Amino acid sequence: MAAPVSRGFFERDALEVARDLLGKRLTRMTGGNLTAGRIVEVEAYRAHDDPANHAHRGQTRRNASMFGPPGHAYVYSIHARFCFNVVTEPTGVPSAVLIRAVEPSDGQSLMHARRRTDDPLNLARGPARLCEAFEIDRTLDGHDLVGSDQLWIDTELPATDPGEIVAARRIGVSSAKDLPLRFFYADNPYVSHRRKR
DNA sequence: CTACCGATTGACT
DNA sequence: GTCAATCGGTAGA
């Protein structure tokens, strides 16, 4: 039986939370329908010395959730799409982990319908694709993931060995390009922007 | 109010 | 690898 992740898990350094989120299960319940999958790719956005963080220049209407309590969602829109983050560190410390890719485990047919694609690999590969597959939008910005019956994270069920975790540069950022704050499973086909082997 | 632009994606060379 | 569609957030007049 999978156990939901508690508040204390999120109230830590964003890098630790990022690495530990790999292998956890992102779970979404909408109208009695379950969609879920294993988190395989994340990016950390640090509270300090990170100009790529939306909160780097202080609090605004958009990034307010990052300044709130840990374990809540930070959902923002960009290029007419949505991206989903988990808020980390104590209240008032604006840091978060962007969930970039998920390996679907439940509700794939519903994800197919939402994404309008037949390609299993493309259901939740990439932060905005993931949000579409899981029906995550602005209304979930600030949503408390701890104790939620709509959107939460729990421990992964016994599965195959996910393999080696590697760190690399973040995708799409125009500043702090070289910080190794993106974490993913090296050999997982559901990870975005993979290099050829 | 206008102007700029991005933590993206999908199509294309 | 390149490129542009897309639109809300932000800063500035």
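Since the structure is predicted, the reported quantities are computational estimates derived from the model, not experimental observations. Within every chain, numbering begins at 1; the chains are lettered A, B, ... in the order of the sequence lines, protein sequences first and strands thereafter.
Side-chain N/O atoms of A/R115 include one lying less than 4.0 angstrom from OP1 or OP2 on B/dG10. Contact check, A/R138 against C/dG9: a side-chain N or O comes under 4.0 Å of OP1 or OP2.
Residues A/L98 and A/C83 approach most closely at CD1-CB, 3.9 Å, considering heavy atoms. Shortest non-hydrogen contact noted between A/T35 and A/F134 is O-CE2, 3.7 Å. The minimum heavy-atom distance linking A/D106 with A/M111 is given by the pair O-CE, 3.4 Å.
Distance CZ (A/R182) to P (B/dT8): 11 Å, rounded to an integer number of Å. Residue A/I171 contributes atom CD1, which lies 15 Å from atom C1' of B/dG6 at whole-angstrom precision. Between the C1' atom of B/dG6 and the CD atom of A/E43 lies a distance of 14 Å, rounded to the nearest Å. As a whole-Å value, the separation of A/R57 CZ from C/dG9 C1' is 13 Å. A/R125 places its CZ atom 10 Å from the P atom of B/dT9, with the value rounded to the nearest Å. Taking atom CG of A/L98 as the reference point, atom P of B/dT9 lies 9 Å away to the nearest angstrom. For the pair A/H193 NE2 and B/dA7 P, the computed distance is 13 Å after rounding to whole Å. Rounded to whole Å, the distance from CG on A/N122 to C1' on B/dA11 is 13 Å.
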Original post:
What's the verdict on side chain to side chain contact (heavy atoms under 4.5 Å, CB included) for A/R100 and A/V42, showing C-alpha distance, side-chain angles and the deciding distance?
Top reply: CA-CA 5 Å; A/R100 283 198 59 91; A/V42 298; over 6 Å; no
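A/F9 carries A/R12 over the face of its six-membered ring, with the cationic atom under 6.0 Å from the centre and within 45° of the normal. A cation-pi contact links A/R182 to A/F184, judged by a cut-off of 6.0 Å to the six-membered ring centre and 45° from its axis. Under a cutoff of 6.0 Å and an axis angle of 45°, A/R138 and A/Y76 do not form a cation-pi pair.
No continuous path of hydrophobic side-chain contacts links A/L34 to A/V5 [ILVMFWY only; heavy atoms under 4.5 Å].
Looking at A/T27, its side chain never comes within 3.5 Å of a backbone N or O of A/A36 through a donor-acceptor pair.
Taking only side-chain atoms of A/R62, from C-beta outward, the nucleotide of B/dT9, B/dA7, C/dG9 with the closest atom is C/dG9. Of the candidate nucleotides C/dT10, B/dT9, B/dA7, C/dT10 has the atom lying nearest to any side-chain atom of A/R61.
Against DNA chain C, the stretch residues 67-85 of chain A makes heavy-atom approaches under 4.0 Å through A/S77, A/H79, A/A80.
At a threshold of 4.0 angstrom between heavy atoms, the contacts of A/A128 are confined to the sugar-phosphate backbone, with no base atom among them.
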**OP:** Treat a base pair as Watson-Crick or G-U wobble with both distances under 3.5 Å, then lay out DNA chain B in dot-bracket form, 5' to 3', with | for cross-strand pairs.
**Re:** ||||||.|||||.
